[in-house]
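Along the sequence shown, residues are numbered consecutively beginning with 1.
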Amino acid sequence: MASTVRNIHDHNVIGSEDTVYRYLCPVKKTGSIIGKGGEIAKQIRSETKSNMRINEALPGCEERVVTVYSTSDELNHFGDDGELVCPALDALFKVHDMLVADSNDNDDDDEDLVGKQTVTVRMLVPSDQIGCVIGKGGQVIQNLRTETNAQIRVIKDNLPPCALTLSHDELLQIIGEPLVVREALYQVASLLHDNPSRFQHSLLSSPSTVYPPGGMLMCAPLTSSHRNYTARRDLADATEFCVCFICPAENVGGVIGKGGGFIKQIRQETGATIRVNTSETEEDDSIIFISSKEFYEDQSPTVNAAIRLQERCSEKVGKDTNDSTISTRLLVSSSHIGCLIGKGGAVISEMRSVTRANIRILQKENVPKIAREDEEMVQITGNPDAAMKALTQVILRLRANVFDMNHGLVLLPTSFPYISQVSESSKRSKFAKRDGFKDQDYSKLNSSSKRRNHVS
């Protein structure tokens, strides 16, 4: 009974005896389990009494992690025979069935094609838990293959970027006809239910230190939700999400590129609107304004563009020319800054711990004159990788706050795409620190407020 109470009231903690599943959902199908304004996800959570988190889509990553977790107590009636299962297993199959149904809706009505339909399930499983699926000498997984006729594999290499390093994730993949895969998934889920991982308490917030090889971040094509869901959407319902970089004046040329080539390229590849606002005096900073009209379940053009522009908008700090430390500055409305602070500074402390970057929030006289009266400055300082991780954390939290999705639906990324970052500016940061706050009632952004210095 105690575990049931904790599960209902403490949505942000996974207990050592809880049941956890991490199901990989293709980005283009996420809309079928989120719904407009999160309606479908909220319904799943309400009906199953489980907790569900959905990772933000990472640039270049084709899957999002759907984490469902609950008490291990078998409280829910499941299937035609009403077998009792834990809430997380019930929620797992609601997610799975919706995604399979979505695939059916998008297929042709040809009976031969329907009969030959193949379903693929991919799940992340910690290494200390996967043994219950494999068994000694591979006996358990072989029995599962024989009994269900499904193709079941455990993959240890070439894992998706969303896999965790701390829990040494492995990828469990099940392929076959819909009913075959469903039976195999049930057998696997039952084994995982009976054998919890000792790492699962960290599955909601642990960062990964594994990065894809290569240099600059390559953004995947912008994909919308599944076809049927998209058809019901009206662009007028989209929400504008924006990010404002403070860019040193000497860096603006690099942002624009020769003949405007670079900024045009970023606009084309991400779909974001990017404006460069310069102040009246050449010595002052400029603002790089990035925005797009978005639906929450889609990849974010603004996030993609901001990550790609961070290198050119940041200033290099440190006297040593070989020092790779950079400083990134953003302007954030006072009405939204609370989501970055948290109660008693809990959120900003967590972001510092996870990213290893120095994150500070500055206000009033410590904010550049180019800012509006109702804006505060977020300053991120660290090596390029740490600064990129911190920027990702900050802007995804801001995005969740703008969409009012910060009450349990959003799970911030557990890994980060690699991006090569070199800043040419050498100015030292000169602003005072502010990182502890009391609870406040943050009002909505006043878009009519004016900047302290004219912006053209």
Side-chain angles (χ1 to χ4, degrees), residues 19-36 38-48 50 52-55 57 61-69 76-81 83 85-125 133 144-145 147-153 155 160 162 171-193 223-232 297-298:
T19 296
V20 188
Y21 302 112
R22 286 179 294 150
Y23 190 106
L24 297 185
C25 174
V27 168
K28 64 182 180 180
K29 294 185 178 182
T30 313
S32 61
I33 59 172
I34 294 180
K36 185 176 180 180
E39 292 173 358
I40 296 176
K42 292 173 185 176
Q43 182 180 353
I44 294 173
R45 293 168 62 196
S46 175
E47 290 180 355
T48 64
S50 67
M52 185 166 92
R53 300 290 190 91
I54 301 176
N55 272 43
C61 189
E62 298 179 356
E63 295 169 305
R64 296 171 71 172
V65 181
V66 180
T67 303
V68 291
Y69 58 103
N76 294 21
H77 293 282
F78 179 78
D80 294 336
D81 58 358
E83 177 187 0
V85 299
C86 72
L89 191 147
D90 192 7
L92 171 69
F93 274 86
K94 286 189 182 296
V95 169
H96 171 74
D97 291 344
M98 285 180 178
L99 293 175
V100 173
D102 175 65
S103 297
N104 288 337
D105 290 342
N106 289 334
D107 285 338
D108 295 328
D109 293 330
D110 190 311
E111 291 184 4
D112 292 335
L113 288 176
V114 173
K116 295 177 182 178
Q117 182 193 5
T118 298
V119 172
T120 299
V121 167
R122 286 158 58 88
M123 297 175 66
L124 294 176
V125 182
V133 177
L144 289 172
R145 291 167 179 156
E147 292 172 6
T148 66
N149 291 318
Q151 300 176 40
I152 307 174
R153 295 177 58 204
I155 302 170
C162 47
L171 180 65
L172 177 64
Q173 181 171 281
I174 307 172
I175 302 176
E177 294 180 4
L179 292 179
V180 166
V181 168
R182 199 174 195 279
E183 174 60 26
L185 178 60
Y186 177 80
Q187 298 290 347
V188 167
S190 299
L191 290 169
L192 297 176
H193 167 268
T223 55
S224 61
S225 302
H226 71 296
R227 186 167 58 194
N228 292 341
Y229 180 68
T230 304
R232 299 194 299 270
E297 63 276 2
D298 293 348

K.L.:
With sequence neighbours left out, write down each residue that passes side chain to side chain donor-acceptor pair (under 3.5 Å) with R122, or none if nothing qualifies.
P.N.:
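R122 satisfies side chain to side chain donor-acceptor pair (under 3.5 Å) with E63, Q173 once adjacent residues are dropped.
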
K.L.:
Going by side chain to side chain donor-acceptor pair (under 3.5 Å), name the residues that satisfy it together with E83, two or more places apart in sequence or in a different chain.
P.N.:
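With neighbours one apart ignored, the set is Y186.
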
K.L.:
Is there a side-chain contact between I54 and T30 (heavy atoms, below 4.5 Å)?
P.N.:
yes

K.L.:
Here's a test for you: under side chain to side chain contact (heavy atoms under 4.5 Å, CB included), which of L185, L24, L171, I174 qualifies with M123?
P.N.:
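For M123, the side chain to side chain contact (heavy atoms under 4.5 Å, CB included) check succeeds only for L185.
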
K.L.:
By salt bridge (Lys or Arg N to Asp or Glu O under 4.0 Å), which residues pair with E47, not counting sequence neighbours?
P.N.:
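Applying salt bridge (Lys or Arg N to Asp or Glu O under 4.0 Å) to E47 gives K94.
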
K.L.:
Please identify each residue that fulfils salt bridge (Lys or Arg N to Asp or Glu O under 4.0 Å) with R145, with sequence neighbours left out.
P.N.:
none

K.L.:
State, without any angle test, whether Q43 and E39 hold a side-chain donor-acceptor pair at a distance under 3.5 Å.
P.N.:
no

K.L.:
Kindly indicate whether the side chain of V85, heavy atoms from C-beta on, has any atom under 4.5 Å from the side chain of H193.
P.N.:
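No, every pair of side-chain atoms sits at 4.5 Å or beyond.
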
K.L.:
Can you name the residues that form a side chain to side chain donor-acceptor pair (under 3.5 Å) with D97, not counting sequence neighbours?
P.N.:
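Testing D97 for side chain to side chain donor-acceptor pair (under 3.5 Å), a comparison that skips the adjacent residues, returns R182.
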
K.L.:
Would you mind reporting whether V100 and V181 have side-chain heavy atoms less than 4.5 Å apart?
P.N.:
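No, their side chains stay 4.5 Å or more apart.
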
K.L.:
Contact between L99 and C25 at the side-chain level, heavy atoms closer than 4.5 Å - yes or no?
P.N.:
yes

K.L.:
So, using side chain to side chain donor-acceptor pair (under 3.5 Å) as the criterion, who are the partners of T19 when residues are at least two apart?
P.N.:
none

K.L.:
When you measure from the side chain of Y23 to the backbone N and O of L92, does any donor-acceptor pair fall under 3.5 Å?
P.N.:
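Side chain of Y23 to backbone of L92: no pair is present.
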
